**Q** 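The structure's right below; bear with me while I get my questions together.
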Amino acid sequence: MAEGKPWFEAEAAPENLPGACGNANLPMTAEDAQRVMGKMLAAMEQMGNMMAAMNESVQRLNRRMDRMERLTPGQAQELGRLIRQRVGVVMQSYGMLDVPTGDAQAAAKAAKRIDALIRRELRNSAGVEGRSLRDLPRCDYGLYVKRIALWDDYDAMTEVRKL
């Protein structure tokens with residue numbers, strides 16, 4: 001095998017093959033042809049394996065790019081609506097809506113705080129730094145809907161009640 005050349009170039013080069021271009025006076029035997037074909041088959045199998053590995057890495061990259069796509073404005077608006085709806089349900093379950101008329105500001109402040117807590121939990125679960133719901137990955141939209149519907153953090157609610 002020649003130095004610095006891949007095995008398929010070094011051994012299958014025309015000057016190394018009997019009966020090939022440069023050596024027309026030497027006939028190629030069946031064993032030589034079988035050996036060359038075996039090496040070509042091995043090279044083709046190796047290329048097939050490389051292409052399969054490349055295809056797998058492209059698919060992984062595609063999945064990563066899908067995770068990077070942000071929510072659409074409509075999806076973000078729907079999540080916001082679901083969060084506001086959940087805030088009302090949670091406040092009702094903790095008896096925070098039954099406030100005297102003078103405490104309307106306190107109830108609004110508590111609702112705003114609960115809204116912020118739910119949004120923060122969604123962003124933290126997705127590992128997103130942005131402040132907007134639009135920054136959340138689109139591929140987990142269904143998960144966010146379920147997470148909002150199930151949100152009920154007792155520790156957070158006791159803190160909100162103290163406000």
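Here the structure is a predicted model, which means the values were calculated and not measured.
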**Q** Taking only residues two or more places apart in sequence or in another chain, which ones pass side chain to side chain donor-acceptor pair (under 3.5 Å) with Glu56?
**A** Arg60
**Q** Tell me, please, which residues at least two apart from Arg81 pass salt bridge (Lys or Arg N to Asp or Glu O under 4.0 Å).
**A**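 For Arg81, the residues satisfying salt bridge (Lys or Arg N to Asp or Glu O under 4.0 Å) (neighbours in sequence not counted) are Glu78.
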**Q** About how many Å separate OG1 of Thr29 and CZ of Arg35, when rounded to the nearest 0.5 Å?
**A** 8.0 Å
**Q** Excluding sequence neighbours, so at least two apart, what forms side chain to side chain contact (heavy atoms under 4.5 Å, CB included) with Glu45?
**A** Leu41
**Q** Check the hydrophobic clustering (I, L, V, M, F, W, Y; side-chain heavy atoms under 4.5 Å; chains of links allowed) and say if Val145 and Val87 are grouped together.
**A** yes
**Q** Quick one: does any side-chain atom of Arg138 pair with a main-chain N or O of Glu69 as donor and acceptor, under 3.5 Å?
**A** no
**Q** If you compare all heavy atoms of Ala107 against all heavy atoms of Met91, which two are closest, and at what distance to 0.1 Å?
**A**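 Taking every non-hydrogen atom into account, O-CE, 3.5 Å.
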**Q** Does anything in residues 153-163 pair up under side chain to side chain donor-acceptor pair (under 3.5 Å), and if so which pairs, sequence neighbours excluded?
**A**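 Applying side chain to side chain donor-acceptor pair (under 3.5 Å) to every pair that reaches into residues 153-163, excluding sequence neighbours, yields nothing.
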**Q** Report the residues that fulfil salt bridge (Lys or Arg N to Asp or Glu O under 4.0 Å) with Arg119, sequence neighbours left out, ordered by chain and then residue number.
**A** Asp115
**Q** Taking atom CD1 of Ile148 and atom CG of Leu79, what is their separation to the nearest 0.5 Å?
**A** 4.5 Å
**Q** Quick check: do Tyr144 and Ile83 have side-chain heavy atoms less than 4.5 Å from each other?
**A**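 Sidechains of Ile83 and Tyr144: no contact.
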**Q** Any chance you could measure Arg113, atom CZ, to Lys109, atom NZ, to the nearest 0.5 Å?
**A**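 Output value for this atom pair is 10.0 Å.
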**Q** Counting C-beta onward and ignoring hydrogens, is there a side-chain heavy-atom pair between Arg147 and Ile118 closer than 4.5 Å?
**A** no
**Q** Mind jotting down which residue pairs meet the salt bridge (Lys or Arg N to Asp or Glu O under 4.0 Å) criterion with at least one end in residues 84-93? Sequence neighbours excluded, please.
**A** none
**Q** Rounded to the nearest 0.5 Å, what separation is found between the OG atom of Ser125 and the CG atom of Leu136?
**A** 7.0 Å
**Q** Working to the nearest 0.5 angstrom, can you tell me the gap between Ile114 CD1 and Tyr94 OH?
**A** 9.0 Å
**Q** Nearest 0.5 Å, what's the CG-CH2 distance between Leu117 and Trp151?
**A**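 Answer rounded to 0.5 Å: 5.5 Å.
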**Q** List, one per line, each side-chain donor-acceptor pair under 3.5 Å for residues 128-135, sequence neighbours excluded.
**A**
unit_1: Ser132; atom_1: OG; unit_2: Arg134; atom_2: N; d: 3.0
unit_1: Arg134; atom_1: NH1; unit_2: Leu71; atom_2: O; d: 2.3

